[in-house]
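We count ligands from 1, going down the list as the structure has it; atoms in each ligand are counted the same way.
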Amino acid sequence: MKHLIPYLQDDQKAADYLRQLRWPDGITCPRCGSDAVEPRERCDNGLQRFNCVHCAVRLGQQFAMFTDWTRSIFEESKLRPLEWLLVVGLWQLKLNATEIAAAADIQERTAQRCINLLDGGIYETYHLDPTRPLEHQVEADECYQSAGSKGLAHKVACRECAPRQRGLQLRGRATAELGRPPILGLVQRRDKTDQDAPAAQVSLEVLGNVRTATIKPIITAKVKVGAQFFTDEYSIYHFAKADYDHRTVNHGAGEYARRDPDGTCVHCNTMEGIWAGLRNFLDRFKGISQRFLHLRVARYEFLHNHGHLHWRQTFEAGLRSIFSTTGDYLRRMAHQHRRMPLTLCYR
Ligand SMILES: [Zn+2]
């Protein structure tokens with residue numbers, strides 16, 4: 001986090017740095033996209049105000065103002081720019097809300113709202129980015145993560161069934177309804193012959209169940225046709241024969257890795273390693289709600305895929321990604337859950 005020191009002197013410096021990340025090619029109006037903007041006086045919290053000449057004419061007003069944060073995920077936040085820089089740095093260190101609150105000296109509820117915003121921003125932009133296909137050698141596997149109705153006492157109370165069974169081995173494949181949502185993992189193996197190749201690129205999707213009908217559209221959208229595709233012998237993956245060079249290892253027969261005659265290593269060990277890392281990450285939240293599981297998983301996915309970069313590059317890539325959305329996804333999500341005691345931040 002050392003690179004943040006110059007920007008943590010005061011709110012104006014922090015705001016200037018954030019603005020540079022949002023508009024690296026010059027400031028444009030978030031409403032109309034025009035670059036005919038003039039800086040005005042700053043807000044009390046250090047954010048810069050601008051007047052959009054184009055919007056002012058269009059609306060027949062003397063001024064049409066916007067700030068550094070208008071139409072961004074930070075717009076309705078009460079945290080100051082300097083505090084946000086700190087929180088984003090701590091967020092990148094994979095800390096939970098309690099730890100972020102302690103380290104940044106803010107309230108725990110505020111820290112909770114902040115990580116939901118940041119995780120949601122990454123989910124909406126980076127995770128849902130359709131231009132990020134996996135190719136060459138791709139492994140697929142699924143795991144199951146316990147997640148219930150944490151923090152929603154009334155939802156548990158009004159349910160007709162008994163509470164989620166904890167610590168029990170479930171028969172058959174678990175589902176979200178049974179309190180163990182499956183996560184589908186797809187990973188493009190790192191190219192070991194290329195020194196500069198990025199880390200193994202992973203895509204993680206939280207699902208309701210693992211039927212073929214659920215996973216097939218995700219795999220088709222994420223994995224390029226013609227790729228080598230490695231799985232275990234679970235029947236949900238049988239459809240992959242049509243579009244991919246599909247090879248399986250037979251875990252049931254004790255086979256975990258094999259070298260085929262053409263030299264290809266058939267295994268899912270890259271994905272197994274990522275599951276270990278993901279479990280370790282999710283354990284930090286000490287019980288996780290199903291509402292937020294996919295957001296936490298998106299943060300892990302983003303940080304894993306940027307793991308080969310310098311800390312500052314990851315920090316700036318994360319913020320650029322988050323600045324590219326207005327937070328509509330989180331607003332919709334908050335709306336759906338409006339009868340629940342919200343930890344999301346929209347008033
Ligand atoms: Zn405008």
Count, waters excluded, of protein N, O or S atoms under 2.8 Å from the Zn ion (ligand 1): 4

Pair Y126 and H306, ring centroids less than 6.0 Å apart: yes

Ring centre gap for F323 and F74 strictly below 6.0 Å: yes

Distance-only side-chain donor-acceptor flag, S321 / T125, under 3.5 Å: yes

Criterion side chain to side chain donor-acceptor pair (under 3.5 Å) against D119, the qualifying member of H127, H294, R296: R296

For V223, the option from D243, L186, I218 that meets side chain to side chain contact (heavy atoms under 4.5 Å, CB included): L186

Fellow cluster residues of F50, listed by chain then number, with links counted only when side-chain atoms sit under 4.5 Å apart: W23, I27, V37, F66

